[in-house]
Student: 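Dropping the structure in here first, questions after.
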Amino acid sequence: MSQWKREGPVQLELPLASRRAHPPEPERPTPTPAPAPTFLRVIQGGGERTHEPLTSRDAVVRVLVEAGADLLLRRISPERAQAIEQEVNEILDLFDR
């Protein structure tokens with residue numbers, strides 16, 4: 001049997017503060033509580049997907065972001081996400097012209 005098991009574990013004492021006495025810390029004012037965090041606002045949509053007309057670049061980008069979210073949530077296949085991305089790129093090219 002090893003010496004470690006016969007004597008048991010050894011506890012080390014580490015100096016966490018210097019050995020000299022510390023003067024007492026001055027009293028600090030009580031901090032004021034932080035303001036309540038702001039939360040995301042829930043938009044009541046009734047669970048229905050709206051098909052907005054693609055009349056601006058922002059609307060087109062929203063479609064692309066929604067497709068990315070749908071892909072991550074596995075609501076659409078990678079192939080469908082690729083097709084949406086291609087269509088969005090074509091529409092953005094039309095806006096550029």
Student: Can you see which heavy atom on Val60 is nearest to which on Phe95, and at what distance?
Tutor: CG2-CE1, 3.6 Å
Student: On a heavy-atom basis, which atom in Ala59 and which in Pro53 lie closest, and how many Å separate them?
Tutor: CB-O, 3.9 Å
Student: What's the separation between atom CD1 in Ile76 and atom CG in Leu71, rounded to the nearest 0.5 Å?
Tutor: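 The distance works out to 5.5 Å.
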Student: Rounded to the nearest 0.5 Å, what separates atom CD in Glu85 from atom CG in Leu92?
Tutor: 10.5 Å
Student: side-chain contact (heavy atoms from CB on, under 4.5 Å) with Ile84: which of Glu87, Gln86, Arg80?
Tutor: Arg80
Student: What do the steps show when you test Leu64 against Asn89 for side chain to side chain contact (heavy atoms under 4.5 Å, CB included), and what is the final call?
Tutor: CA-CA 9 Å; Leu64 187 58; Asn89 286 334; 5.5 Å; no
